[in-house]
Asks: 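The structure follows.
Letters A, B, ... are given to chains in the order of the sequence lines, protein chains preceding strands, and every chain is numbered from 1.
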Amino acid sequence: MTLPRNARFRIPEPGGRPGDTPHFGDIDIPAGGEVARPHASSAEQDIRDLPFTLIRTLGDDGAAHGQWDPKLRPDILRIMLRDMQLNRIFDDRMFTLQRQGKTSFYMKSRGEEALGVVPALVLGQQDMCFPTYRLVGWLIARGYPLIDLVNQIFSNKQDPLKGRQLPVLYSARDYGFYSISGNLGNRLGHAVGWAMAKAYRAKDDIAIGYIGEGTSAEGDFHEALTFASVYKAPVILCVTNNQWAISSFSGIAGAQETTFAAKAIGYGLPGLRVDGNDVLAVWAATEWAAQRARAGLGATLIEFFTYRAAGHSTSDDPGKYRPSDEADHWPLGDPIERLQNHLTLLGEWDEAQHEAMLEGLTKRVRSAIKEGEAIGTLGESKPSVKEMFEHVFAEPDWRVLEQRNELGV
Amino acid sequence: MTVMTMIQALNDALDVMLERDPDVLIFGEDVGYFGGVFRVTDKLQEKHGIDRCFDAPIAESGIIATAIGMGAEGLRPVVEIQFADYILPAYDQLVSEAARLRYRSNGEFSAPITVRAPYGGGIFGGQTHSQSPEAIFAHITGLKTVIPSNPYDAKGLLIASIECPDPVIFLEPKRLYNGPFDGHHDRKLQGWAGQSEAEVPDGHYTVPLGKAATVREGSAVTVLCYGTMVHVAGVAIDEAGVDADLIDLRCIVPLDIDTIVASVQKTGRCVIVHEASRYGGFGGELSALVTERCFYYLKAPTQRVAGWDTPYPHAFEWDYFPGPARVVDALKRVMEH
Ligand SMILES: Cc1ncc(C[n+]2csc(CCOP(=O)(O)OP(=O)(O)O)c2C)c(N)n1
């Protein structure tokens, strides 16, 4: 058979634009518990089906099913619920404060709270997270003081990063949280290098690195996978597939051709595709990959399949490029609601407890913000201008000294 | 003639070129359906079709590499890098490929691409939405670097860049997108409406690459600048009360050396202003050229006003930004001689 000759290039288009009925393409969603859990020591060649399915534990009935169920104690489940909810309340307040002009910029994690909170609880204190800007949940779960987040966001006198960095681009080494920069993607290789450094020192600490599905198009992603694979680095590399970059959908990063988890196959790494709105699945997958890494079996690529339920940032209006009710049609639900249902089903949670929790968390956020506002919001208060010239080098050179002098600080 | 913001003028230039030349096409992150995060490509996809203006994967090196391939074949791709800060992943493609393809292939292949990127500070964008990277392009032979300071020039220079047979880095001062900005951030914002440079002719016209604009004429000092700093220097000249030649370079490669030399030989003093940090900045090249070519005319050491040699710090936007007060100081210093 001869093929026709009509080559054209193709530009992928999403399931829906403003005004359309939301449509997410043909997402195949296995039931909770349907996917079997191979032993963490499995050979990569034997588990090449995993990147093409979706690991889930929570069923439509709210119960946990199957081999991936990590069988967590209810108190751990309640901690996850609390921390995800705290993440959400904090985000909502900070977003509003940006709208009121109290800071320049903010980014929410809405719908993806599990991806920061859960791995922070699974991994050890000595493990290092190489986050994206949507992972404040990690810091929250690790007990980072809310007031320090607020001060960073306000760039005020008490900002732990001394006013040098854009809001939400935190750095918190003591909390296992690597410095974020505004440039996408270029820290994934750092996670690999950090993990290799730990292995070099014969420690069994590991690293976890995150990248958005949009950013997986950058060379950094592919280079990190190559290095992780070649050196069998003890690292977990995660693609947070929340369906949208800014206005471009996952198809612009290649999602119409294959899954992000399946990229692992080309590098000879195991790839897991996981329901990112199912905290138990997120827990189990992270634990599986961590076990492999600590056992010297190398890196795992995990695609967390989720949905960015909010705008990209305070500079964004998603109503301009996707149906405004798209979030309501997302088939994997909301991570907080699903966990709440699960706990309720177990008889470990009720409406009254939930209300009390919300009230307590709202109070905590309010009081942190109040404290931050008392120090000052953006422009009202800032660190000493001297700080602009600090930490350029370990020791300042003559330029920095002269210029500081010229500015009189 | 229509009064336009710089965003509208740039959009109009792209519209004109898409209409006029079927070889022109546009791609970049978020430029398609959405029309770009700064709206410069607004409605172009709708008007000209999805294969004329479309979204690219988030991969700056890939964007430039793909554009070079298209350009080598004969198309005229115009690509957007969402912020100039994010051009760095593509630096190798620009330096080792776009800039040298013509030279190394003895003219068999070339890269007639235009790379648009919003640049510069004044918007509280922090370290990675504020930088001014022009010097790292000026240093690379084979790249042209263009920086407009108003809507009229923006349209004419962009059309000239697209028509240019060589690769052009087109840096758009994002602080000027919606209005002129003289550095007095505490005063009321101005729009472009009412400014004569915002009157933009309809249809096709060009502002030639390599021709500076003398924004105002004076006899005591020459001020060399481009982009946002044209407006900052303008107000600083008034505040210092000096009689200055204010030169908007518009292109740093090719550079209008004749206009610079004629002015400095006339005034005998030179102040150079840019937002980028000072050390290794383009001001160093300008200062060297002025010294080499105007040494016997100079009455005072040339002064540079620039960003400090630190990354661009979020909370210290206005301590970092070389605003009118620092330009006034430099003008006074040269006038002491
Ligand atoms: C190198 C680089 N290119 C472009 C940008 C501009 N930008 C910031 S966020 C973003 C979208 C990222 O999408 P994705 O990786 O899917 O992450 P998400 O925001 O969805 O979590 C873009 C294009 C940037 N910050 N850095």
Side-chain angles (χ1 to χ4, degrees), chain A residues 8-14 17 103-105 154-156 159 161-167 169 181-186 212 214-221 245-249 252-254 315-316 320-321 378-379 381-383 385 387-392 397 399-400 403-404 406-407 409, chain B residues 27-39 42 45 49-63 65 82-83 85-86 88-90 92 123-131 185-186 277-279 306-320 326 329:
Chain A
R8 299 290 295 171
F9 67 84
R10 167 282 305 256
I11 293 134
E13 291 185 81
R17 290 296 191 187
T103 189
S104 54
F105 183 73
F154 288 164
S155 275
N156 66 19
D159 171 2
L161 304 181
K162 307 294 180 202
R164 297 197 194 101
Q165 188 57 298
L166 198 67
L169 302 185
S181 103
N183 300 61
L184 292 167
N186 56 10
T215 309
S216 73
E218 294 276 7
D220 301 279
F221 173 67
I246 300 180
S247 73
S248 64
F249 80 118
I252 295 291
S315 311
D316 183 35
K320 287 219 156 70
Y321 52 78
L378 180 65
S381 157
K382 65 180 177 189
V385 179
E387 292 292 350
M388 177 164 66
F389 297 101
E390 296 292 328
H391 291 288
V392 176
D397 74 359
R399 295 174 296 169
V400 175
Q403 291 175 11
R404 228 180 96 170
E406 192 179 332
L407 194 58
V409 291
Chain B
F27 61 104
E29 294 160 20
D30 300 293
V31 306
Y33 182 88
F34 184 51
V37 297
F38 290 104
R39 325 295 309 144
D42 193 26
Q45 180 179 86
I50 195 168
D51 59 352
R52 303 289 308 280
C53 179
F54 53 90
D55 286 342
I58 301 172
E60 292 74 14
S61 179
I63 290 171
Q82 199 162 83
F83 286 85
D85 312 72
Y86 305 136
L88 297 176
D92 177 57
I123 62 151
F124 278 90
Q127 299 181 12
T128 53
H129 305 91
S130 305
Q131 297 168 90
H185 55 90
D186 40 1
S277 51
R278 176 180 166 120
Y279 198 82
W308 308 118
D309 287 308
T310 75
Y312 210 117
H314 180 251
F316 310 110
E317 186 88 30
W318 305 121
D319 304 294
Y320 183 90
R326 274 156 69 191
D329 283 349

Asks: State, with a plain yes or no, whether a side-chain heavy atom of A:Q403 is found less than 4.5 Å away from one of B:R278.
Replies: yes

Asks: Which heavy atom in A:K320 sits nearest to a heavy atom in B:Y33, and how many Å separate them?
Replies: O-CE2, 3.3 Å

Asks: Go through the atoms of A:P383 and report whether side chain, backbone, both or neither lie under 4.5 Å from a heavy atom of chain B.
Replies: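 For A:P383, backbone and side chain are both near chain B.
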
Asks: Quick one: what part of A:R8 sits under 4.5 Å from any heavy atom of chain B, side chain, backbone, both or neither?
Replies: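 A:R8 touches chain B through side-chain heavy atoms alone.
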
Asks: Which heavy atom in A:A217 sits nearest to a heavy atom in B:A59, and how many Å separate them?
Replies: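 Closest heavy-atom pair between A:A217 and B:A59: O-CB, 3.4 Å.
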
Asks: Would you mind checking which part of B:D85 comes under 4.5 Å of any heavy atom in chain A, side chain (CB onward), backbone (N, CA, C, O), both or neither?
Replies: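 Only the backbone of B:D85 comes within 4.5 Å of chain A.
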
Asks: Check whether any side-chain heavy atom of B:H314 lies under 4.5 Å from a side-chain heavy atom of A:L169, and answer yes or no.
Replies: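 No, side chains not in contact.
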
Asks: Is a side-chain N or O of B:Q127 found less than 3.5 angstrom from the main chain of A:S181, in a donor-acceptor match?
Replies: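 No.
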
Asks: Could you tell me which non-hydrogen atom of A:G182 sits nearest to which non-hydrogen atom of B:T128, and how far apart they are?
Replies: CA-OG1, 3.1 Å

Asks: Specify which of B:F34, B:Y312, B:W308 makes the most heavy-atom pairs with chain A at under 4.5 Å.
Replies: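 Greatest number of close heavy-atom pairs with chain A: B:W308.
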
Asks: What part of A:F9 is in contact with chain B, defined as an atom under 4.5 angstrom from a non-hydrogen atom: side chain, backbone, both or neither?
Replies: side chain

Asks: Identify, with sequence neighbours excluded, every residue that meets ring-ring contact (aromatic ring centres under 6.0 Å, His included) alongside B:F83.
Replies: B:F38, B:Y86, B:H129

Asks: What part of A:F389 lies closer than 4.5 angstrom to a heavy atom of chain B: side chain, backbone, both or neither?
Replies: both

Asks: Side chain, backbone, both or neither: which part of A:V400 has a non-hydrogen atom closer than 4.5 Å to chain B?
Replies: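 Answer is side chain: those atoms of A:V400 sit under 4.5 Å from chain B.
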
Asks: Can you tell which part of B:Y320 gets under 4.5 Å to a heavy atom of chain A, answering side chain, backbone, both or neither?
Replies: both

Asks: Between B:I50, B:D309, B:D329, B:D55, who has the most heavy-atom pairs with chain A when the cutoff is under 4.5 Å?
Replies: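 Ranked by heavy-atom pairs under 4.5 Å with chain A, first place is B:D309.
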
Asks: For A:K382, is it the side chain, the backbone, both, or neither that has a heavy atom closer than 4.5 Å to a heavy atom of chain B?
Replies: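 The side chain, not the backbone.
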
Asks: Between chain B and each of A:P167, A:S216, A:G379, count heavy-atom pairs under 4.5 Å; write down the option with the most.
Replies: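 Maximum pair count with chain B is reached by A:P167.
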
Asks: Between A:R164 and chain B, with a heavy-atom cut-off of 4.5 Å, which part of the residue counts as in contact: side chain, backbone, both or neither?
Replies: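 The answer is both parts of A:R164.
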
Asks: Nearest 0.5 Å, what's the OG1-CZ distance between B:T310 and A:R399?
Replies: 10.5 Å

Asks: Under 4.5 Å heavy-atom distance to chain B, tell me which part of A:L378 shows up: side chain, backbone, both or neither.
Replies: side chain

Asks: What are the two closest heavy atoms between B:F316 and A:K162, and how far apart are they?
Replies: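 The pair with the smallest heavy-atom distance is CE1-O, 3.4 Å.
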
Asks: Locate the shortest heavy-atom distance separating A:I11 from B:D51; write the atom from each residue and the value.
Replies: CD1-CA, 3.7 Å

Asks: Any idea which heavy atoms bring A:G214 and B:I58 closest together, and the distance?
Replies: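 Reported closest heavy-atom pair: O-CB, 3.5 Å.
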
Asks: Is chain A contacted by the side chain of B:Q82, its backbone, both, or neither, given a heavy-atom distance below 4.5 Å?
Replies: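 When you check distances to chain A, only side chain atoms of B:Q82 fall under 4.5 Å.
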
